[in-house]
Participant: 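Next up is a structure, given as C-alpha cells.
Every chain is numbered from 1, with letters handed out A, B, ... down the list of sequences. Everything quoted here is computed from the prediction, not taken from an experiment.
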Protein chains: 2
Amino acid sequence: MTDPPDARSPGASGNRKPPATIYDIARTAGVSPSTVSRALNKPGRINARTERRIRDVAEELGYRRNPMAGALPTGRTGTIGLIVSDVTNPVYFDLIHGAERVIASEGHTLVLADAQESPDTESETAERLLLSVDGLLLVGSRLDDARILELAEHKPLVLVNRSVPGLPGIVPDPLPGIRKALDHLASLGHRSIAFLSGPATSWMSGVRWETLLDEALRRDIGIVEIGPGIPTLEGGRQSLRRVRAARVTAVVAYNDLMAIGLLQAAKAADVDVPEDLSIIGFDDIFGSSLTTPTITTIRSPLDRVGETAIRRLIAELDEDDHSADVTLFTEFIERESTAPPRAR
Amino acid sequence: MTDPPDARSPGASGNRKPPATIYDIARTAGVSPSTVSRALNKPGRINARTERRIRDVAEELGYRRNPMAGALPTGRTGTIGLIVSDVTNPVYFDLIHGAERVIASEGHTLVLADAQESPDTESETAERLLLSVDGLLLVGSRLDDARILELAEHKPLVLVNRSVPGLPGIVPDPLPGIRKALDHLASLGHRSIAFLSGPATSWMSGVRWETLLDEALRRDIGIVEIGPGIPTLEGGRQSLRRVRAARVTAVVAYNDLMAIGLLQAAKAADVDVPEDLSIIGFDDIFGSSLTTPTITTIRSPLDRVGETAIRRLIAELDEDDHSADVTLFTEFIERESTAPPRAR
DNA sequence: CTGAAAGCGCTTACAG
DNA sequence: CTGAAAGCGCTTACAG
C-alpha cells in the first residue's frame, strides 16, 4: 500500500513518502533487522551473498539511515559543528573551505552555525548544537574561558584563533607577520603609529595588540591603542577622528574591514593614503585587494588553519593522541597602502 | 556519584559529563518521566506547583533536551536546513542574515550547509540533511528539476532564486532593475551591449539573460550573450577577450564578482572603465562599492528574500496555507562604472 | 492532573 | 553467520 494515486502536487502537504527503515529492508530481504544493520555498517562481517542482497534491497528502496535513530544508541552522529563568530565575515571563507575539505574526506558532516558576533547567540547555539554533534569547533569565540570550559565538559571541542588553558586551540603565530610589518614601517621612516583595536571581547585583538606593543617597543617606535572598536567598515570609519588626533603616521587595524573603513573615511576627508597616512590591515580578505590603494596586510593561512582544526578534532573524537602538532604562521603582504610619511 | 575528583584536564578524553535525562529529573523530583516531559513541553497542562518544581530540578541538573531522542517519536527536529550554492559567496550574506533573524524569532535552529558550487555535493548534502531537518531551503540550487522534486517528496522544501513548477520558490522580480538598467544604458547612448552569463546550470543566469534579451529587443539595443562562464572574479577576467572581440560598449555581468573581474582585466589591459567600457553587475555585494570605479549594479532585497523564504517554509511546516505571498523586486543602483560610450 | 506502556529507528551484546 | 531482545531518550495516546 502506497500513496493514493491521486496525491496532490508535490508542494502540497500530507503526501510525503515515509522513508524506508531497516525493517522494510529486513522484510523484503527475508532477514532480521539486526542482520540488515550489520550488513550496512560492518561490511564483511556477514555472509557475502546476504550482504549483497541486503544492499541491493536497500538501494532499491532508497534507504537512508536515519541519523537521529542511529545516534541514540551509539551517541555518535557523524556530525561536526563549526560555530563561527560571524559566518558572513570574509575572513572565515578560507577557513570554512579548509574545514569542508577534510570533513568530506573523513566522511563526516559539517554543520555550520553563526554566532552573529554575539556572545549570547554563540553560547545558546553551542549549547543547542552540543547535543547533536560529535564535536565542536569554535572560531573566534567571544565567550569567556569559563563558559568555553563548561561547553568542553560535554563534547570534544577545538578552538580556532583563541586559546584557553587545557583546551586544544589552533592559532597561527602572529609574530612573523607583525615583525615584518614593523620592520617595513620602520624602514619607511614611521616613528609613531596606532593600533585600531577590535572588540573588547576579541581575544585575538588582544594578542595582536600585545605583540605589536612588544615589537614596537623593541624598535623604539611609538605606539598607541585606539579602541576598542567594532570590527567592521563602520568601525574603521569612525576611528578617523581619533587617528588624526593621535597624530600618528601609520595605523595597523585589527582587521582588513576596519582598515578599509578607515581608508574610506580618509578619502572622504581628503587625507591621502598612503602619503598622509599608512594603513595596514589583518587577514587579507577578499576586498582588501579591491580598493585603491590596495591594502597592505598580515595574513593567516586560514585554509590550513581550518584543515588542521578539523583534523585535531577528529583525532580527539577517535581518542587518537598523536595528532601531529603543526605550527602555522602569519605572513606580511605588502601592497599599496603604506609609504614613507610625508615630511612635515 | 560523579566524576572522580582527580579527573584529568578538561581536554582529556573520557571524562565527559553524561547529560541529564528526563529520568534523572523524574527521580529527583519524585514524578514520572511522562510528567517531566509534559512539564517541559506543554506548560500549563499540569499542576502549576509540580511544573515549577520540575523546571527547577531541570535547571539545577543543567538539563538539555536531547534533540535526536525528541525527534524520533515526533519526526520533528526543530531544525531547518539552508543549503547555499556557495556559503562564501558574498551574495548570500544578507540572505543568511535575514533567514537567521526569523528562524531565531520562531524558535527553530538553522543548519547551514555549503553546496560548494557542485551539484553532486549539493545533492548529497541535501539527502544527508533531509533526514535530520524539518524542512529545507535551497538557495541558488544547481540541481535539475527532477532531482529537486525528488527531494521535495520527503520534506517540505522552499526554493530561493530558482523556480520549479509545483514547488514554492522565492525569486525577486528581475524586471524593474533590468528595465532601469537598460533605460540608463540607452539614455547614455549605448546601442550594442553584451551579457556575461554565469554557469550553464544556473537557473538565475538564464532568467537574467532572457529578461535582458526581451528588454533590449524592445529598446532596439543590440545584445549578445558571452558565456557560459564561471561566476567568479576569474570568470570575469577571462571574458575580456571575448568582450572586446564583440565590440560592445557596455556589458551586464551575471554577477558583481564577474563584473569586478572584468573591471580588473580591463584596467590591466588599459581599457578605461567606464569611458571605453561600461560595466553593470548584479547583486550589490560587499566589494562592488570598494572598487575604483565603484560598480553600477542591480540588487535584490536579499535580506527580505531570506526572511520570506523561511517564513514560507515554516508556514509549510505548520500546514498553514495562508502564507501571504509577498512579491519582491530588484532595484537598479547607479554608481561609477557606467558612462556614455566614447565617440569613435 | 498523573502514571504505565508502547513506540520512534537504530545498534549491539548475548545466544545459538 | 544470524536472530531475539534490550536499550538509547524522548513523546503520547490510554487509563485512571
Participant: So, using ring-ring contact (aromatic ring centres under 6.0 Å, His included) as the criterion, who are the partners of B:Phe93 when residues are at least two apart?
Facilitator: A:Phe93

Participant: In whole angstrom, give me the gap between the P atoms of C:dG9 and C:dA13.
Facilitator: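 Result for the P pair: 23 Å, nearest Å.
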
Participant: Name all pairs fulfilling the side-chain hydrogen bond (donor to acceptor under 3.5 Å, both in side chains) condition that reach into residues 157-166 of chain B, sequence neighbours left out, sorted by first residue then second.
Facilitator: B:Asp145-B:Arg162

Participant: Can you name the side-chain contact (heavy atoms from CB on, under 4.5 Å) partners of A:Asn66, sequence neighbours left out?
Facilitator: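 So A:Asn66 forms a side-chain contact (heavy atoms from CB on, under 4.5 Å) with A:Met68, A:Ala69, B:Leu72.
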
Participant: Just to verify, what does A:Ile22 make a side-chain contact (heavy atoms from CB on, under 4.5 Å) with, not counting sequence neighbours?
Facilitator: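 For A:Ile22, the residues satisfying side-chain contact (heavy atoms from CB on, under 4.5 Å) (neighbours in sequence not counted) are A:Pro33, A:Val36, A:Tyr63.
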
Participant: List the protein contact pattern of nucleotides 8-16 of chain D with one symbol per nucleotide (5' to 3'): B for base contact, S for sugar-phosphate-only contact, - for none; contact means a heavy-atom distance under 4.0 Å.
Facilitator: BBBBBB---

Participant: Atom CZ of B:Arg53 and atom C1' of C:dC1: how far apart are they, to the nearest Å?
Facilitator: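 For the pair B:Arg53 CZ and C:dC1 C1', the rounded distance is 13 Å.
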
Participant: List in chain and number order the residues that pass side-chain hydrogen bond (donor to acceptor under 3.5 Å, both in side chains) with B:Asn41, two or more places apart in sequence or in another chain; answer none if no residue qualifies.
Facilitator: B:Ser37

Participant: Below 3.5 Å, can you tabulate the donor-acceptor pairs from side chains in residues 123-133 of chain B to any protein atom, sequence neighbours excluded?
Facilitator:
unit_1, atom_1, unit_2, atom_2, d
B:Ser123, OG, B:Arg147, NE, 2.8
B:Ser123, OG, B:Arg147, NH2, 3.0
B:Glu124, OE2, B:Arg128, NH2, 3.0
B:Thr125, OG1, B:Thr121, O, 2.6
B:Glu127, OE1, B:Arg147, NH2, 2.6
B:Glu127, OE2, A:Arg64, NE, 3.1
B:Glu127, OE2, A:Arg64, NH1, 3.1
B:Glu127, OE2, A:Arg64, NH2, 3.4
B:Arg128, NH1, A:His108, O, 3.2
B:Arg128, NH1, A:Thr109, OG1, 2.7
B:Ser132, OG, B:Leu129, O, 3.3

Participant: Charged N to carboxylate O under 4.0 angstrom, A:Asp24 versus A:Arg27?
Facilitator: yes

Participant: What residues form a salt bridge (Lys or Arg N to Asp or Glu O under 4.0 Å) with B:Arg38, not counting sequence neighbours?
Facilitator: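 Here no residue qualifies.
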
Participant: Applying a 3.5 angstrom cut-off to the pairing atoms, does DNA chain D sit in any stems of at least three consecutive Watson-Crick or G-U pairs? List them by first number.
Facilitator: C:1-3 with D:14-16, C:5-12 with D:5-12, C:14-16 with D:1-3

